[in-house]
Peer 1: 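To start, I am sharing the structure in question, which I have written as structure tokens.
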2 protein chains.
Amino acid sequence: MKSLSHSEENYLKEIFHLSGLTEKRVSTNGLAARLNTKASSITDMLQKLSEKKLVEYVKYKGCFLTEEGERIAIQIIRKHRLWETFLVNKLSFGWEEVHDVAEQLEHIDSTKLIDSLDRFLNYPKFDPHGDPIPDKDGNIVYRKSKIKLIDAAINSRVEIVRVNEDSLALLKFLERHHLTLGTEIDVLEKFPFDDSMSIRIGDQPETNLSKKVTENIGVKFISKL
Amino acid sequence: MKSLSHSEENYLKEIFHLSGLTEKRVSTNGLAARLNTKASSITDMLQKLSEKKLVEYVKYKGCFLTEEGERIAIQIIRKHRLWETFLVNKLSFGWEEVHDVAEQLEHIDSTKLIDSLDRFLNYPKFDPHGDPIPDKDGNIVYRKSKIKLIDAAINSRVEIVRVNEDSLALLKFLERHHLTLGTEIDVLEKFPFDDSMSIRIGDQPETNLSKKVTENIGVKFISKL
DNA sequence: CATTATTTTTAGACATGCCTAAAAATTTAA
DNA sequence: TTAAATTTTTAGGCATGTCTAAAAATAATG
């Protein structure tokens, strides 16, 4: 198995993320946006990955991963999430500081290294943002009964089990407002005109969260209020 | 400070190693041998590094590092050695297994990461092969009174304080013969015709070591026999 | 010191991964 | 359902880092 370039690995990872969300073919422009490149570059790379049998690609119709492509993508995600866990748990990084470094570390090529790291961290199931860490065979345990905060019912108490790690600004915002993993939130009211939501944490004063925030937080139901 | 490519970093590191040994200008062919490239590639890169003011380069006369080039080289070596220490001390790698992975990890670009790692490892002074680890300001504490085993006096007892990490085969050989850091060796006899040496470890039977071995082991004097 | 031998540089190529601009295909909407 | 808008691909370029082959400079030797 010849090893892939960092670029190729990034493409596979992003295709995996995008098709996970949409459950269908991934568009050229969609990828270009995530990878900060131009559509023409995407086309070039998809042709190359297609020749390598890592993606199924049909001109003008987008692409999806082959089994082998998905296997590789999952291993990259495994590395990314284990390194993030290492940075937070062992080196005391803040959860908003780990993403960029993990983007570099995820390309280090050594199965022994990553399996040793997994053991060293005691086989963590979730990374610092609450995302599941694939095991060495590529199995991913998704948290059942996880919904987005934006979809949580009014007058319910929920617990934060996941935050979207993509935006540094969001993570800083959440940190600042004590919206960390494990925090319990009471959903008080929703405002359809701007999709914002009023919540309360413990006995702190009520706050309003924008759609941008609530759609990027994963929660699980705890109880009715 | 724009960041350098992996390739550029490797060039700086090797120039540092080579000029450390010879104390003078580094030749194109010398670099080519260490970097597994052709001389013409070296010339190209030296011209580039020269423009970036990281090396002093004169056509046909070889090169040496500028202050800035040396500063960068030392930081790469710091990263390499800290990662090796991490792999051995925390992830239980053997000393012969760490080199290739560290060659990858040394290019990860994050000052916070490497300084955190340094703290996590408790500011180690030497890596698993006995080489000194530069501190964050680039200071390197060379072990005074360290000589090569090949130069040790007959009828003296010495302690292994350093082994050359470059050869995987050598490291495996040393491991197999219990020639690890801290081991005390009695130097019994030298054979000028092939530069081999007879030694004894504790009360084990006497062994003969080739030049290839003794010139790649660093020792310090313990006592007369 | 003149002539080989060696080292180093130049010249020209190639693969990767990206770009812009223009053409082609697809989708949207009047 | 056909014209306009959007998406995607092609064509041609560019920088990086490497190579081979040939030329030039330096070093070694009789």
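Below, read A as the first sequence line, B as the second, and so on, with proteins coming before strands; counting in each chain starts at 1. Predicted, not measured: the structure shown is a model, and the values here were computed from it.
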Peer 1: By the 4.0 Å heavy-atom rule, please label B:S7 as base, sugar-phosphate, or nothing.
Peer 2: sugar-phosphate
Peer 1: Check whether any side-chain heavy atom of A:Y57 sits under 4.5 Å from a side-chain heavy atom of A:T66, and report yes or no.
Peer 2: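 Counting from C-beta outward, A:Y57 and A:T66 never come under 4.5 Å.
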Peer 1: Could you pick out which residue, A:Y60 or A:S41, lies toward the 5' side of DNA chain C when each is mapped onto its nearest nucleotide?
Peer 2: A:S41
Peer 1: Rounded to whole angstrom units, what separation is found between the NE2 atom of A:H6 and the C1' atom of D:dT16?
Peer 2: 15 Å
Peer 1: Could you state the atom-to-atom distance from CG of A:L35 to P of D:dT8 in whole Å?
Peer 2: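 Whole-Å distance recorded here is 14 Å.
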Peer 1: Could you give the CG-to-P distance, from B:L49 to D:dT18, as a whole number of Å?
Peer 2: 11 Å
Peer 1: Between B:Y57 and C:dT9, does any side-chain N or O lie under 4.0 Å from OP1 or OP2?
Peer 2: yes
Peer 1: Strictly below 4.0 Å: does B:K38 bring a side-chain N or O up to OP1 or OP2 of D:dT18?
Peer 2: no
Peer 1: What integer distance in Å separates A:D44:CG from D:dT10:C1'?
Peer 2: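 Taking CG of A:D44 and C1' of D:dT10, I get 9 Å after rounding.
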Peer 1: Heavy-atom distance under 4.5 Å between the side chains of A:F16 and A:I74, does that happen here?
Peer 2: yes
Peer 1: Looking at A:F126, is A:R162 sitting on its ring face, NZ or CZ under 6.0 Å from the six-membered ring centre and within 45 degrees of the normal?
Peer 2: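 No.
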Peer 1: Given C:dT9, is OP1 or OP2 found less than 4.0 Å from the side-chain N or O atoms of B:Q47?
Peer 2: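 Checking B:Q47 against C:dT9: no side-chain N or O falls below 4.0 Å of OP1 or OP2.
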Peer 1: For A:I42 and C:dC18, what is the distance between atoms CD1 and P respectively, to the nearest whole Å?
Peer 2: 8 Å
Peer 1: Looking at every strand, decide which applies to B:T37 at a 4.0 Å heavy-atom threshold: base, sugar-phosphate, or nothing.
Peer 2: sugar-phosphate
Peer 1: If only side-chain N and O atoms of A:K59 are considered, is one of them under 4.0 Å from the OP1 or OP2 phosphate oxygen of C:dA24?
Peer 2: no
Peer 1: Going by distance alone, is a donor N or O of one side chain under 3.5 Å from an acceptor N or O of the other, for B:E106 and B:W83?
Peer 2: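 There is no such pair between these side chains.
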Peer 1: Please give, in whole Å, the distance from C:dT9 C1' to B:L31 CG?
Peer 2: 15 Å
Peer 1: Just the rounded figure in Å: distance from P of D:dT18 to CG of B:L46.
Peer 2: 11 Å
Peer 1: Can you tell which of D:dT20, C:dT20, D:dT18 lies closest to the side chain of B:S40?
Peer 2: D:dT20
Peer 1: State whether A:F93 and B:K112 meet the cation-pi test: NZ (Lys) or CZ (Arg) under 6.0 Å from the six-membered ring centroid, and within 45° of the perpendicular axis.
Peer 2: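 Yes, B:K112 sits over the ring of A:F93.
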Peer 1: Picking from C:dA11, C:dT26, D:dT9, which would you name as closest to the side chain of A:K61?
Peer 2: C:dT26
Peer 1: Between A:E9 (CD) and C:dT16 (P), how many Å, whole number?
Peer 2: 16 Å
Peer 1: Determine: side-chain N/O of A:N29 to OP1/OP2 of D:dT6, distance under 4.0 Å, yes or no.
Peer 2: no
